Amino acid sequence: MFEEVMSLFTDELDLIIKSSDSHLKKADLGIRLCNDMLTKLQLSVEKEDFEDVLSEIDFFKNLKPFPMSYLIYFSEIRSCELNIPKAGVKHKIHFLEKEIKKVNKFFAQNNDFVHYMEQNHNYLDHQFFTRNYRDNFPFTPTINYYQYPEFSTSHDMLWAKVQALYRFIHYIRESIQKLQPDNSSLYSEKKHKLLLWSGSKTALVELIYALYVSGNINHGAIDLQTISTSFEDIFNVKLDNIYKTYSEIKARKGNRTKYLNQLIEQLERKMHRDDEI
């Protein structure tokens, strides 16, 4: 029902994220794109409601929060870019550190719900992600966010904000790092000097894309470039154009997921050997 429109949205979103525009320009474009997408989803649901409760839960738990989380993410970036002090590195860093405190406060206040989602529980999904129970758990979002009560459950907006702030944390850390390029103390824990990627870079890109599309990192609330940068930090390797490498992987004849299949085969052989001991 929503596959085609979501696929188009993801493609347009990737173009915005990968563009060389300023953060503010990206935020403006992203907000417009996400609002348009949410309007399309809302009209579609109004025209043809869900077949059953499970379909409704899936929509408000997995589908709607994707564009909604990016709307919140871009809104937070826009607010940050407009309100950050215009001069003085110390003043800017102080502002960004206050933003980190706000994020930490949000996660502390919603710790039980975040834990529920991170543990992949579902026993409260019928209350959190159907519209029948929205009055029982009021959540008031910021005025800039997309607000249509009849198109919301009690927790779909909250879940979207959790995902958005995972992304926003990365934006803040990058901003601080740019202001203090010679101060690596905030990021020293990211460096793993003993870990060196000794396979091919193409194999690593194949692995990164597989993890990205799985949605198993930050509940899918993370972009491809962030995952790639993190892998570069962990394995002390520099990946060039991952999008070009991915195109080359797609163009392979026959076995396109060569490295992933190799991992499966090696693990299977290891388990067979262990069984024989």
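Just so you know, these numbers come straight off a predicted model, no measurement behind them.
The 12-atom threshold is exceeded at CD of Q266, counting heavy atoms of other residues, nucleotides or ligands nearer than 6.0 Å. Counting non-hydrogen atoms of neighbouring residues, nucleotides and ligands closer than 6.0 angstrom, the NZ atom of K258 reaches no more than 12 such neighbours. Heavy-atom contacts from other residues, nucleotides or ligands closer than 6.0 Å to NZ of K253 number 12 or fewer. The 12-atom threshold is not exceeded at CZ of R78, counting heavy atoms of other residues, nucleotides or ligands nearer than 6.0 Å.
Ring centroid separation for the pair F66 and F9 comes in under the 6.0 Å cut-off. Aromatic rings of F168 and F106 (six-membered ring for Trp) have centroids beyond the 6.0 Å cut-off, not under it.
Side-chain contact between V162 and N110 is absent, with no heavy-atom pair separated by less than 4.5 Å. With a 4.5 Å cut-off on side-chain heavy atoms, I176 and I100 count as touching. At least one side-chain heavy atom of F50 sits under 4.5 Å from a side-chain heavy atom of R131. In this structure, M271 and E268 have side chains that are in contact, with non-hydrogen atoms separated by less than 4.5 Å. Using a 4.5 Å heavy-atom threshold, the side chains of M68 and C34 count as separate. Within the 4.5 Å cutoff, no side-chain heavy atoms of W197 are placed close to those of F231. A 4.5 Å side-chain heavy-atom check between I169 and R173 finds at least one atom pair inside the cut-off.
The distance from the CD atom of E12 to the CG atom of D14 is 10.5 Å, given to the nearest 0.5 Å.
Checking R256, R252, K250 one by one against E206, the salt bridge (charged side-chain N to carboxylate O under 4.0 Å, His left out) holds for a single residue, R252.
In this structure, Y243 and Y209 have perpendicular ring planes: the angle between them is above 60°, well past the 30° mark. The aromatic rings of H121 and Y116 sit tilted relative to each other, their planes meeting at an angle between 30° and 60°. Note: F113 and H155 have tilted aromatic rings, judged against thresholds of 30 and 60 degrees for the angle between ring planes.
With sequence neighbours excluded, the residues forming a side-chain contact (heavy atoms from CB on, under 4.5 Å) with K25 are D21, S22, L29, listed by chain and number.
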Derivation and outcome, ring-ring contact (aromatic ring centres under 6.0 Å, His included), residues Y171 and Y73: CA-CA 10 Å; Y171 157 81; Y73 167 68; 7.3 Å; no
